[in-house]
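Quick notes on the structure that follows.
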Amino acid sequence: MAAVPVEEAIAALSTFSLEDEQPEVQGPAVLVSTERGSTISPIEYSDVSAYRLSLTEDTKALNQLNTLIQDGKEMASVLYTYRSCVKALPQLPESMKHSQADLYLETYQVLDLEMSRLREIQRWQASAATKLAADMQRFSRPERRINGPTITHLWSMLKLLDVLVQLDHLKNAKASIPNDFSWYKRTFTQVSIQWPDTDSMREELDDLQIFLSTRWAILLNLHVEMFRVNNVEDILQVLIVFAVESLELDFALLFPERHMLLRVLPVLVVMATSSEKDSESLYKRVKINRLINIFKNDPVIPAFPDLHLSPTAILKELSNYFQKFSSQTRLLTLPSPHELPPREAQDYQRHYLIVNHIGAIRAEHDDFSIRFASAMNQLLLLKSTDGADVEWCKEVKGNMYDMVVEGFQLLSGWTARVWEQCAWKFSRPCKDVGPSESQELSSSYSDYEKVVRYNYSAEERKALVELVSYIKSVGSMMQRSDTLIADALWETIHAEVQDFVQNTLATMLRTTFRKKKDLSRILSDMRTLSADWMANTNKPDSEFQSLQHGGDESRGNFFYPRPVAPTTAQVHCLQFLIYEVVSGGNLRKPGGLFGNSGSEIPVNDLKQLETFFYKLSFFLHILDYSATIATLTDLGFLWFREFYLESSRVIQFPIECSLPWMLVDHVLESQSAGLLESVLMPFDIYNDSAQHALVVLKQRFLYDEIEAEVDHCFDIFVTKLCEAIFTYYKSWSASELLDPSFLFALDNGEKYSIQPMRFTSLLKMTRVKLLGRTIDLRSLIAERMNKVFRENLEFLFDRFESQDLCAIVELEKLIDILKHSHELLSKDLSIDSFSLMLNEMQENISLVSFSSRLASQIWSEMQSDFLPNFILCNTTQRFVRSSKVPLVPVQKPSVPHAKPNFYCGTQDLNSAHQSFARLHSGFFGIPHMISLVKLLGSRSLPWLIRALLDHISNKIATLEPMITGLQETLPKSIGLLPFDGGVTGCMRLVKEQLSWGTKSELKAEVLRGIKEIGSVLYWMGLLDIVLRELDTTHFMQTAPWLGLLPGADGQMLSQNAGESPVVNLFKSATAATVSNPRCRNPASFYTMSKQAEAADLLYKANLNTGSVLEYALAFTSAALDKYCSKWSAAPKTGFIDITTSKDFYRIYSGLQIGYLEQSVQLQPNNHDMLGDSVAWGGCTIIYLLGQQLHFELFDFSYQILNVAEVEAASIMQTHKSPHSGQGWDSMLEAMKKARRLNNHVFSMLKARCPLEDKMACAIKQSGAPLPRIKFENTVSAFETLPQKGT
């Protein structure tokens, strides 16, 4: 195989798409170590000496300070994460007091390790204070011997001072440290008795005790060191002026720098004011009103994740240790956060709470996202364009640079708002936990719950979630474009620097600084150290002429853009030189850094120098692109709670108190469509906190706690999310399946509509980044959804099993809703098929399983409740529950309880659908049969039919001895009723002849048996109606494709003798396709043609359907043939036996007139107990035994009706009063109704089962009926219904 050329391989790679459908709904979650980047010189400013600026001393001191800062941060991490060891110490029982010495030794060894860290911090702070004081004294001498301090040096001084302030504050706040030290000292006393020389250790222990027990010991030591040899007022005032100007002019690009200045400024003011030389000189350079405004604008300052600082509180507390500062009443009278008047506190709350600014933040986010995307598109277009115009190229890349700067500023401002809101919340804990809680209950909540869990309202949580989403989305958007815009940023920075040093400085040298040799030398040094002369070329004469606007205009330089950014040392030196030009190296210069008082530099030149000076600081953060984004989007502080763990004396707080989880839970509980796509954003807080715990704090136990909480929270999150998804799709389905006419008739129908939710993005998430792991959220949701759907089906079946058969309509409706929910969800998520889950829950998976859980339950319900306790109303074609109390109460399981989403989703939809279900809950009729057929399907329905037919056979077998008993009690001769006795005489005669008084229980049992037989047969009739309707629908759908037409006799006729339309269609399509020479695979088309022929045969075979009712009647007839000799004896004389017959019709005639009489006389009447099923059962048996004519001739009630007609006619002829029939009107009316019902049953039986040519229909297990077959009524027909002659 020939090798592919490299060029072709690279070109082929460019065509591959690495993108997928996963939406960006999570933050970057990129683990970036920011310990060292472009903002700190990677070679410790060793290249500064090459520029010959006499900054050797400054560089040496700068590197020393940076090392101290790094070490101090690690010390602060040790103090912040310090947890009490004493709490974990075991307490010895009385029986082990002899081992107390060993316990002391073990305790001492454990605590000594922790105390060694505190000793290290004590030694380090002393060393750091000495070196910082020496550094300040070096640069505050009256004579100017060395250059410096540079601006970078000033920042390092402030940062080291900030570290010392934080260490002091941590030492003051951590109560566990003194507690552990007291235990350490006690154990040392016990253990050191046996040691030979402990004096030095005791001295060291006393020093550590003084250090730990003295508040602000670090700052007091620093003050002593600074003023030990030489006064440092000058450098302190320079630092204060620099901090004030940076805060007032927003010189600090990133929020950590601003917060650092706010933390350091009050300490600097106190130290500068406590000078022994001139304590008031500070307020001559910096007006006290400026300081007051700064302290009032920021009453709380973020210092640690769960601990804030207050400038006013620091000033007040330090005034006790620095006596000269105690005279500054204006500063000391500023209120602390907890002392603010209500009106001022309300104003600050409006400022600090994000919810009051979220509208403006939202507008900023939307505007920036659009403009950043537009700038990216322009940059991509530029990269794809060859030979682009230089000016257009510069404009596009400059615009991209401006967008990055704006993005950093937005991210810095937004993250600062989160920090400051948290600090404000920590300073103002919630006083009232809840409106309904009592004072005792409220006091039981921990302090952390009061500042976090109950301190954020629903609106505030929503605003915080939104802002976190904005921070993470913008950070992710900028992070993804890192490699695309790197060249553009570097070229723009290169162009900015070169334009300033080659053009702006050249103009200044020729004009403003021409006669100022010292300043000109500094400007020349700036050009020397940063000008890129290799990229410089003079513009052509034509361009030079076009750029001239006057005779004195100097000629500018043109340089080609190069992605060569300045180094950290170059930026450092440029800032120093600009500072030298502006201040002249005079620390006491009034007016601040760029103040113009006493300066000979024109305003315009000063403004240009100031603008470029500030840009230089921006350059470093932009060059350190990834690290800057990581810093600005780091929200891990929202999780940490070390101080409150210590004060609350608990190991860890529950997740309900964890702010990240509170935000996730709020999104899930609020069901806000706008927030739903942001539900994963708060999990990035866990990513940030885990990164901070490992990289910055370097504590594994914190990471383990975060990991444990994340595991727990994510499990709950998936469960709640799946529940919300299931509820939404279930509600959506129920809303769509709600009857439109019902909604139209309502005035408030909109409450049943479902607001759309944006779950689609979450359902596409296959790579959720969490603690360095990648989680397939989509598969977790799919797995959970499969389980929930099965649980819902299980619940629906359990609910149906606890109700009667009338609930089948409700079951079908709920399953339809669940199925439609599955269809809607399946469009966005791949889950198991609904039919598979339904069969699985019905225990109908096996290929040889023809019974299902539902069919078994229906059959069990019919046996135990429906057939014994329901009665038929022939007029309404419904079965209703009898008012008679059943002999044996039906034992059913209790109705299971479940959440609303297991019904129809919401309470309103549940109420609406239950109102429809109640319409069908009191009877069983055609709607129930339709539902039953749909639910059982063609697989389980034949099993149920066979079970019911077997029930008829068994019931007939059970009735046989009972009917024999009734036959034995009949008199030997029963003649026709005489007409001359009238109705009254006939009734008396019937009672005398039917002497069944002692057989009342037997009569009741026979009637109940006949009723159950009639109920089953009528139930089969309802089933036959529904199946015929389905068959008709099926025929209408398939007949056009099969070429069939209905015939006059119900038979099907073919349109043509040839092949059906579906076969012709596929054959012609196959022939046309195969004849095309471009057809590459004709075999598949031939296969489709063969499949069409097979489908034609299959569907034609299943169209010849039969009747379930006819089959049931034939089955019953076959079952009766076994008892034909007993119930239908042939007359011995060959003539009709009128008086001595004991056939079934005679038994039923007696039973009928008996229960008709009882139905008239007794309440509740017998008709309400038995209904019309008795007539259906009795008449069917009479008809199938061939006794219809005998029954119609000799039935007692029919004879009485005939007598009543004759009697009524004679009364009309003789014009006598109808007193003879009085008292029997109700009885006669009941007999007439019974006769009409019997006639109806007989007419139906004649139509569906003619005796001279009986026809029935068998049903396959697949549900397909067999063609009609003729058969004889034989006993063996009960089993197989064979053909005649077998």
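When a residue number appears, it is its place in the shown sequence, counting from 1. On a predicted model such as this, the values are computed, not experimentally measured, just so you know.
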Please answer whether the main-chain N or O of [Y] pairs with a side-chain N or O of [X] as donor and acceptor at a distance below 3.5 Å.
X	Y	answer
Asp865	Glu861	no
His920	Cys806	no
Lys1011	Ser1173	no
Ser1075	Ala1071	yes
Ser735	Ser731	no
Ser1089	Phe1085	no
Ser852	Gln842	no
Asp1024	Val1108	yes

### Task
Under the ring-ring contact (aromatic ring centres under 6.0 Å, His included) rule, what do Phe870 and Phe924 come out as? Steps first, then yes or no, please.
CA-CA 9 Å; Phe870 277 70; Phe924 184 95; 7.9 Å; no
Looking at [Y] and [X], is any side-chain nitrogen of the basic one under 4.0 Å from a carboxylate oxygen of the acidic one?
X	Y	answer
Arg853	Asp798	yes
Asp816	Lys934	no
Arg1248	Glu1110	yes
Arg918	Glu810	no

### Full working for ring-ring contact (aromatic ring centres under 6.0 Å, His included) between Phe879 and Phe866
CA-CA 9 Å; Phe879 289 91; Phe866 181 80; 5.0 Å; yes
With a 3.5 Å cut-off and no angle check, do the side chains of [X] and [Y] form a donor-acceptor pair?
X	Y	value
Glu1012	His951	yes
Asp776	Thr766	no
Asn792	Tyr903	no

#### Entry: From CA spacing to verdict: side-chain contact (heavy atoms from CB on, under 4.5 Å), Ile952, Leu949
CA-CA 5 Å; Ile952 292 178; Leu949 294 179; 4.2 Å; yes
### Query
How are the rings of Phe902 and Phe795 set relative to one another: parallel (under 30°), tilted (30 to 60°) or perpendicular (over 60°)?
tilted
### Message
In terms of relative ring orientation, are Trp1176 and Tyr1018 parallel, tilted or perpendicular, with 30° and 60° separating the classes?
### Response
perpendicular
#### Entry: Residue from Val1026, Val809, Leu944 passing side chain to side chain contact (heavy atoms under 4.5 Å, CB included) with Leu932
Leu944
### Query
Quick one: ring pair (Phe, Tyr, Trp, His ring centres under 6.0 Å) partners of Phe834, sequence neighbours excluded?
His822
### Task
Assess whether side-chain contact (heavy atoms from CB on, under 4.5 Å) is satisfied between Arg878 and Ile926, documenting all intermediate values.
CA-CA 8 Å; Arg878 294 178 177 180; Ile926 293 292; over 6 Å; no
### CA sep, side-chain torsions, deciding dist, call: Ile1013, Thr1180, side-chain contact (heavy atoms from CB on, under 4.5 Å)
CA-CA 9 Å; Ile1013 294 173; Thr1180 301; over 6 Å; no
### Query
Would you call Tyr728 and Asn901 a side-chain contact if the rule is heavy atoms closer than 4.5 Å?
no
